[in-house]
Each structure stands twice: as C-alpha cells, then as structure tokens.
Amino acid sequence: MSMPTGIFILISLIKCAIALFVLLTLVAYIQLAERKIVAHIQSRVGPNRVGPYGFLQPAADAIKFILKEEVTPAAAHKLLYLMAPMISVVVALVAISVVPIGGTFHLFGYPTQFQIADINIGLLFLLGVMSLGVYGIVLAGWSSNSKYSFLGSLRGGSQMVSYELALGLALIGPVMIAGSLDLRQIVQAQSHIWYIIPEFVAFCIYLTAAFAETNRIPFDLPEAEGELGAGYHTEYSSMKFAMFFLAEYVNMVTVSCVATLVFLGGWHGPVFGPPQLQLWLPVFWFCLKVGFFLFLYIWVRGTLPRFRYDQLMAFGWKFLVPLALANVLITGVVLSVMK
Amino acid sequence: MHPALFFIFGGIALAGAINLLVQRAPIYSALSLVAVMGALAVLFLLLGAEFIAFIQIIVYAGAIMVLFVFVIMLLNADVPEPTRRSKVAQAIGYPVMALLLVELAGFFAAAFGATPVRTGGYLVQVAAVGQALFHEFLLPFEVTSVLFLVGVTGAVLLAARREERHGAAPRATRVHAGVPTRAMAEALSVPPNAMGGAVIEPAPQPESEPAHARAQGDGR
Amino acid sequence: MIPLSYYLILSAILFCIGVAGFFFKRDIVSIFISIELMLNGVNLAFVAFSHALHSISGNLFVFFVMVVAAAEAAVGLAIIIAVVRARQTLNVDRMDLMKL
Amino acid sequence: MHPNLHLWLIPFLCFLGFACNLLLGRTWSQKTAGWVGVLFPAAAFVDALWVVSQWSRITVPYLETHSPWIAAGPLTIPYGFQLDQLSLVMMLIVTGVGLLIHVYSLGYMAHEGGFYRFFAYLNMFMFFMLLLVLAGNYLLMFIGWEGVGFASYVLIGFFFRKDSASAAGMKAFITNRIGDFGFLIGLFFIFDHFHSFDYTTVFAQVRQMPVEHAWSGLLTVIGLLLFVGATGKSAQIPLYVWLPDAMEGPTPVSALIHAATMVTAGVYMVCRSAAIYDRAPLALSVVLATGALTAIFAASIGILQRDIKKVLAYSTVSQLGYMFMACGAMAYGAGIFHLMTHAFFKGLLFLGAGSVIHAMSGEQDMFRIQALAPGGLRRYVPITFWTFLIATCAISGIPGFSGFFSKDKILYEVLSGQHPNAFWWAVGTIAALMTSFYMFRALFVTFLAGPETAALSHPTGQEPRAVEAHSVDAGFTAGHAEHQAAHPPAHEAAHPHESPASMTVPLIILGILAAFGGYIGLGDRFENFLAPVFNTGVVLPTHPAASELSVSLISISVAVVGLLLAWFYYVKNRQAAENLKHSLAGLYRLVFNKYWIDELYGLVFTRPLAAFSRVVLWRIVDVGMIDGTVNGIATFARGVGSGLRRQESGNIRSYASWVGLGAVVVVLYVLVVGVR
C-alpha cells in the first residue's frame, strides 16, 4: 500500500461515482431491453414512441417515478416503511462494490483495479451483503400493514433464506478448486479452464438459486401480481417503489457478475492489439458475458410460467440443497484424489 | 485510523444495544440487534478476524436475526402489556447490572489496559480457520454439526401444527376487511389474542354433564 | 492504536445490557434477543483475546458460538411459537404456571 | 518373522454374532437368527483352524498386545492375547465343541421361544470363554471368567418364567461369586507382589522364587486363593452345589457350558498358573485332595440319581475332580488331556441325553423313559443309542476309548508321578468303579427294555422330588407343550423318534472324537506337546511305584466290574437292586438325598445369614440407621423447602435476577480471592 490515503479515497470516490452512474443507466436500459425482448417474444413491438425505437423511454419512466404522489398508508409503521426500500437499494449497491470487471490500470500514476474495493474475501463479502437483502423485503411487507404485502414478504423472506443456502453451497465447489475466496484469484485460476466445465452442476444450481434470490420469474412468488397485487411492495409508490425496482435489477446485475466471475472465467477472452485495447478488451469480454446472463433472465421471463409456492420450497430444500451438498462432497473427493 | 473506526463502530454497537434495551416493540429490538451485529462485524475486521466478521453477517444478521424478525411478524409481537410481576427484577435489576459491569470493566481495565491492538497486528486467514477447524477442532466441529441437526429436527417437530397431526380440518381462512393485523393472524391461523394487548382468557370449556344427571335434575 | 481493554470493556457493556434486557423485557422474544446480545458481547471478547494472544482458538470459539446460537435460535423460536399457541400470550409475567 | 495372527478376531467374531442376534434377532425369523448364531462361531472355528495352520511359523508363546485397556499409575493392562500350546488346545476345544453344540441347538431349540435370545447368549458365552483362554494377562482372563459366569447365569435361567430355573441361575451365580471372591483376592496378591498381571511378567518373577513349604508362603496363599476360584467355577467341594441345579438350563447349554467348556475354566486356570503351584506343594496337596474327594463323592451321588441329566451333572463334577487330581499331581498335561477327552464324551453324553429328552418329548426320569418306551428306547433312536454307548464306554474307561487313555494316565500319575500318593490313587480308582457303574446303569435303564412292572420304576419309601417334578425340562415352556400337542402325549402312547439331522450329525462327529480322540495321547505325545507350557523350572523325581501296565490293568478291571455290576442289577436281576436298597436303607437315603449337602448349607450358611440380615441388617441397620437418616434428611429438606418456596415466584425474570445476582457474587469472589 504505497498509495497515500487521500489519493486512495479520491480514486475510490471516482470509481464509486462511475459505477453508480453506469449501473443506474444500465438498469434503466435493461428495463427497456426487457420490455422490447419480451414484446418480441410475444410477437409485439414494445415501447417505440419515446425517442427513436423508444430509446428515451427510461428517461420518461424516471420522470414519471419522480413526479408521482408519495402515498404512505395510515396504518403503516412509518419508520420501517421508510427504511425498507433504502435497505434494499443500499444492500444491492454495496454488493457490486467488490466485483472486479477487468485487470489493473494506472490512475494518477498509481496502479489500481477495475473494481471499487479489492478485498481478499470478496466472495464471502458478497454472500454476506446479499444475505441482508432479505430485510428490505421482510420489513417492507410487514411495515405496510397489509395482508398482500405481508404474505408477499413472508414468501420472499423464506424463499431468499432457503435459496441462499443453495446459492452459497453452489459457490463452494469453484472456491474449493480455486483455493481462494478472492474474486480476482478465482478468475486467475480459470485462465486454463472455465469452471462451468468441471462444475457444471454447481453452475446450474447457482443459476436456479440466483433466479430465486432476485425474485425473478419463475420464482417471483413474493410479487406474484396475479395473486398478491404486487406482493411486498403493493403499498409503495413513486420513488420508494422505484428503489425496490432498482434493487431488483441491480441484484440481477450482481448475480450475473458473480456467475461470470466464478463460472465463465470473468474477463478472460482473446486479448490482442495495442496496449489500450489490451486494457479494455477484458472489460469488454466481461460485459459481454454479463450481458448474456441478463439476456438469459429476460429470455426466461418471456418463456417460463411461475412455480407454485410449495413446489418452490420443496424444490429448494429437497432437490437443490442436497444436490449442492453432493456436489461439494464430490468436488472434495475428486480434489483430494487428484492431489 | 484504527481508534476512529473503533469509536465510530463501537459507538454504533453501544447505541444499538441501548436502543435494544429501551425499545418496547420487539421488532425494533431485533433491528437494533442487527445494527449491533453489523458494527461488531466491523470491529471483528479491525481485530483481524475476517472470516468471523463475514460469518457474523451471513449467519447472525442474515439468518438468525431474519428468523427472529420472521417469528416476530408471525406472532405479531407488539408492545407487551406493562406488567410488573417481578419485584425482584425491579429491585435488583439495575444494581446487579451496574455491579457486574463495574466488576468486569474494572478487571479488564486493570489487566489489559496496556495490551495494544493494531490493525494488521494479527490477521486470521480464512485458510487458517479451515485448517484449524478440520484438524485441531474436528471433533467439536462434528459434534456441533450433530447438535445442529438435532436442533433443526427438534425445531421442525416443535413448530409443526398439532391439528394436522390429529387430522382435524384446518381452520378456514377468513378475510376481515379493515383490521389487517387480525386478518393476517387468521390467515396464518395464529390465535388472534396472541397479538399482544389485552390477554383474553381462554373460554372455559363447558362442563359436559352426563345426560342422565341432567335428566335427574329436571325430574326434581 | 488503542488498548485491548477498550474492546473488552465494550464487550462487557454489551453483555451487561443483555443481562439488563433479560431482567426488564417482558415479552419472550425480546428476552431471547437479549440473550443473543449477551452472546455477541462474549464473541467480541473472544475475538479480542484471539487478537491479543495471537491464537486462532478465539476465532473458532466464536464460530462454534454462532453455530450453537443458530441451533438455539431455531429450537428456541419453535418453543416460543408452541408456547404462544398454548398460552396465548407473549408476556413472560403471564407464564407462571410454575409458581407457588 | 511373526505372521500377525489377529487373535482378537476369534472372540470378536462371536461377539459380533452376539451383538447381531441381540440387537436385530427379534425381527428375524427363527431360521435367520439360528443361522446367524451358528455362522459366527463357525467363522471363529475356521479362524482358529487358520491359526493352527500358522502354528509352525510362530514362536511360542505368541504374544499380541493391543492398546492399553487400563492405565492407572503402575497398573497397565493392555488388551493382550497369548497363544501357546495350552491356549491352542483350549481354543480348539471351545470353538470346535462349541460349534457342534450350536448346530445341535438348531434342532433342539426349534420348538422353544426366544430362539434368537438363546443364540445370542450362546455366542456371548463363546466370546467370553475365548477371551478367557486367549487372554494374555490375569485381569483379562478374569473378565472372561466373570463373563462366562454371567452367560451361564442367563442360560441356566433361560426359561425364566419357571421359578426353579431362575432360582438355579441365581444359585449358580452366587456360588460362583464366592469362588470369584477368592480369585480376586488372589489377583490382588499377584499384583501387589509382581506389579503386573501379564502371564509372562508374573511367571518370569515366579521362576526366580524357591519352592515353599509353609502354609503362609506367598505362592501357597496365592495358589490356594486361585483354587478357591477354581472350586467355584469348576464345581469342586465345597462349591459344587450349583452344577446339578444348573441342569435347569436347556440341554445344549448343559453340554457346552456345564460339561465341555466353562466348568473346565478352573482346571485351565490352575494349569495356566502351573509355575505358581509347582512352587507351592502344600497348595498342590489341597488341590489333589479336593479333586479326589470330589471325584468319589460326586460319583457316589450319581449312582442313585434318577434324572438322566442329574446323573451326567454329578458325573461331570466327578470327572472335574479327576482333572484336579492330575493338577495336584503336577501332571497338568494329563489333566488337560482328560479335559479334552471329557469335552468330547461328556458333550456327547449331554447331547445324547438331550436327544433322548427330545425323543421323549421332555421326559428326563430314566425309569419313566424306560417304562414309556416299550421294548427299549434303543429301537427308536439307534444313532443316539450307539453314540451314547461310545461315550459311556469312553467315560467308564473301557480300553480303546478316549476316556481310558486320559483317566488311566491321571491315575498312573497320581500313583507314581512327582507327588505320589497311593491313598488318593485308591480313592480315584474306586471312583472309577462307581463311574463305570452309574454310567452303564444310566445306559441300560435309558435304552434297554425294562421289566413290565411299573412298581419297579417307582421306588417305594422316599418319593423323590425329581419324580414329582417329573422332569426339569419337561414342558419347560410353551415350546415343548406345543411339541407334545403335535405328537400324542408321552404318557398314553409314546412315539419316541430319532432327532433331526442337525442333532444327529454333531452326535456322530462327537462320537468319532470320543471313540478315537484318545489316540492323540498315545506315547505321551499330547503331554509332550504341552510340556513347554508346564516347564516351570521345578522338576521332581518320579516314583515309579508300579509299572504303567499294571495300573492300567487295575483300571480296566475296575471299569469292567462296574459294567458287570450295572448289568447285573439293572438288566439281569432288578429285584437284587431292590433288595440291596432295602438292606442298606439308611445309606441309600443318605446318598439319594445327596448327603443333604444343600440342606446342610442352608442350615449352616443361608439360615443364619438370612436371620442376621433380618434382625441386624434390616431391623437395626436399614430401618433404624439408614431409613432414619434418610427420613431425617427428608424432614429437614422439607422444612427448608417450605421456607424457601416463597422464593419460587414462578416468574422467569425473578429467576434471572437471582442468577444475575449470583453471577455478580461469583465474579466478585473470583476477583477478590483469585482463582486457585
């Protein structure tokens, strides 16, 4: 650590600002992409009025969110009602801070990374922060003091706690192979082979659990609009609702990033050309892979129906968790045999 | 930077703990405890215990306390009625607490006042934790696993519905508009008078008099 | 650079607040929460000693405390649910069938 | 290089069988339980044979030490096993005969309840017996010793619904406890002086000690104490009383435990401790005298028994006496030789008796059997008869059969060995005469046709208990009642039948062994094989008072005379037996009632003990002191409790406050006083 503390804080702040900007923009356009793609899957056109091909639709949405009336139910627990969306969005944004998206570059003459905080147990940090996301949902549902919200939050809470287990266990296998919890080292370890190949089962488990963690179709029981209004955020409006919305999409980005880092070799890809290109190509590969996962999310949403709740819990506990445990066991045995 | 971080997060922990004590609704106590845990996780990081710090977040804040919040929601635990049954606790509670604190703090200050703590003074690698856990502490680890399994099994058994086992029909779910908490509780088929506030005494079971006894009474 | 005793005193304070919570809280869930606070206080002391003694044992003890706390929370909360179902109250002052 | 024999595996296999049957047997069919029960001893036997095949490759004694079992101060006791010539022979006898009797039990116990329990117990017995003979130190041997005692107890009381069976079990157990007490004190002496229980360590030190001639000598005392244990386990005077009652157990149990193996544990132990006894001639003379007296005493009781199993029981006591005579004459090899042949022929006799009982649907009284089997039982159960005949010849010492060689050897050693004693030789020879007489009596009465008059089968005068009870095994439980229901009742029209193959095959195998087993010992080969074990450094000159041939001739003539007498009284001229009985009525009653030994013990020991217990221990100690103390404490506690219960408010928070206060006090105490 030869970097002076002042420079360190400055660089970090710059990176935070860039990440926040990129992320928020990205979320807005993922939303647009989702609407367009789903529309095409369903032989519709999708939004096409605001701007060319509807490209300014996110901006219009944002303005609408800001200008809508804020409604707070009379029977709500005010403080918690206010805190719940904040918790959701803060947790979602904090999680992204340890995700590395490329190699090392120089800023102000100091080497630094394509990553806000390079910590050596990044994966553990991610799991820890993501496990806190459940508070947002649970508190939102409870503090709204409405039965739809309440049922939605109960569902969401138990679903997230349950699938977090499978999610964490699925990540253990690659961690065992890489021998590190440092996301950078995990990516380095995949320079020969992406872990999707030896750990394909873990990858499938991770993907499934990640869908459940982010409450996306086919696991969107907490906000199943057909039965619960809008689930835990039924009573929310305007920017508070937008925060939940934001949190969901940021979470999608986060889990896609983790999937890329742990299973798809992170920023590995063909690197060539001049030094500047060599610096940015890995970032490009990384974004490409993340984009693939995001597309997958949208694709699945346009394709699959929703689970029934008991099926969801049974699937998580009786299938995914045992499978993940078996995967850990087999990985361990194979590793010790090969060693 | 270390003292600053210590005082900031130590202060948060302390404030959370005090808030836990003074809040009367359990949900706020539980959330205060989550705050305490988060602050403690940072203190653990300062003390070089990376693994424990994040396990603190994942297990304590992310799992155990979620469970608490769940149960609080499920039972709709609200501000309890202000009973003052325990004269002993009222009389000796604060003195005992203060005495214990003075004793412990005095001892710690006297015994460990000179031992310094520095960031990076001792860093516990995750790998080292794993090594110790699966070599030196293997037996406790396995025993704890068994304990955990037994605990989970017992919890499932305890929390299982009695009615279903006896084959009785499940309570019908009625929706009362206007009284959401009541409706929620019924939806979860928790007795409505479990919701804090005034405790309703369970209705006395009507004595099922033998038919012939009643007939005799009528005869007289 | 601060003395170890600060951490230990903080842990003692947390523990004592937990004890006080046990004395003064009336609903059973809060009492349980107070117990968790006591455990957390003790954990801080463990980690602090682990740091001071350069020994990994303190860390591992915290790990075991957490696991046991998890098991305890599962069983304890299940018991609470069962008790509340049976006695229709969360107030421990009302749960006095054992009294004279 | 030693091959690793894994001796522990042999008892452990039996233990596995025991565990399997005890834990799972309840859920198994009778067939499965039986085969599991047989399979594990069979495996143990095969393992034992494998050990024999490795014999030439090991140096004897082969020691095998596993982890320490007890380590406390100077006392270290490992799980140690020892294999030498002696334990090899014992191991083969136990596993071999044990296996045969397990197979036999498959058939014999087929109609009984608790089949799995029976095999579990039998396997447990095998486990402890093998532990006993393979142990490398006295304490492990003692574990086996106690274990076989326990196994014997549960098996004697196997039909626990029957009062007499459970009483007999308790009698055996308590009598054995008396002996074990002596044994234990002997062990304490050993440890006190040699600081070890290992055979090798102890005997190495014993070898350094001179021969003692005083009653107070250490080795003499140890020897006598150990022998007290042996009298209990091996049913010698004065502790023999349990063995006849032990016939309450199922017949295979009698064969395995109370004839072939367990009761010989005492002999084995004395032989194992040869180094000690060789240096304690006074102890040896006690062994010799006890053995000889037991031999003749039990034989004389056996003459007049009516229950076929009781005859065999007293015969066992008597034969064990012979073995101790051999030990007393320092002819340990001859003792072990007789132990082996005895295992064959007495196991065979019991199994034959069991087969007879099986055939007669539970009848055990020989004279009733004779009366119920028209034309002699021999016609119905030929295999049983012939094998029984072989065994009878063997035990009686008819030349050519195994018992002849071993018994003759013992008598010769007593007369002219290292401790020659013509008097005890004469006693032994007379006992041999009696043996021949009562065994052929049993054979003739059981198998040959009797006189048609029923009067003869019911002797006048004393109506013996055994007849009233009409058999010990008869209708022992629902099992044989079913058996009787399946066949016509024995009293109306007996249809005696030969036993199934699972019973006859062991009979035949044992018959072959009983007939030819003695030839192993021709030319002292057997004793020479065992000699290294008994080479204790003490060699006394022998006193060839007579040639071996002349002693043999006397033995042969004695056996033949016994045979002829039995034939005369019980086949040729039954009236002569009746006349003789009336003319010697007093003696007859004395012997028939087994010298009233049980009654004597009752009068001398049991009654005073019971009275003492009642008056002193119960009225004064128990009611006055113990109950008084307990009640006083209880009253006190109640007083304190009624004062303290005010404190039990039932309020959780109050309890917590008290706990907190206590914690404060404890912490204060620790801070002020410090931790010591």
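Protein chains get the first letters and strands the later ones, always in sequence-line order, with residue 1 at the start of each.
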Of the non-hydrogen atoms in [X] and [Y], which two are nearest, and what is the gap between them?
| X | Y | result |
| --- | --- | --- |
| C:H51 | B:Y122 | CE1-N, 3.5 Å |
| C:P3 | B:G113 | CB-O, 3.1 Å |
| B:I64 | C:A73 | CG2-CB, 3.7 Å |

* Determine the option with the most heavy-atom pairs under 4.5 angstrom with chain C, choosing from B:L100, B:I27, B:L46. =>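 Counting heavy-atom pairs under 4.5 Å, the top option is B:L100.
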
* Asked: Side chain, backbone, both or neither: which part of B:I18 has a heavy atom under 4.5 Å from chain C?
  ->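 Contact with chain C: backbone and side chain both.
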
* Check each atom of B:L20 against the heavy atoms of chain C and say whether the ones under 4.5 Å are side chain, backbone, both or neither. =>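 Both parts, backbone and side chain.
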
* Asked: Distance from C:I80 atom CD1 to B:L74 atom CG, nearest 0.5 Å?
  ->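 Those atoms lie 11.5 Å apart.
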
* **Straight-line distance of B:S32 OG to C:I17 CD1, nearest 0.5 Å** =>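 B:S32 OG to C:I17 CD1: 11.0 Å, rounded to 0.5 Å.
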
* Going by atom types only, do B:Q56 and C:N43 share a side-chain donor-acceptor pair under 3.5 Å? ->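 Absent: no donor and acceptor within the cut-off.
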
* Residue-level interface, residues 4-13 of chain B with chain C, non-hydrogen cut-off under 4.5 Å ->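 Residues B:F6, B:F7, B:G10, B:A13 are the ones that qualify, each having a heavy atom under 4.5 Å from chain C.
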
* Indicate the ring-plane relationship of B:F137 and C:F61, choosing parallel, tilted or perpendicular according to the 30° and 60° boundaries. =>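 B:F137 vs C:F61 ring planes: perpendicular.
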
* Centroid-centroid under 6.0 Å between B:F112 and C:F49 rings ->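 Yes, the ring of B:F112 comes within the 6.0 Å limit of the ring of C:F49, centre to centre.
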
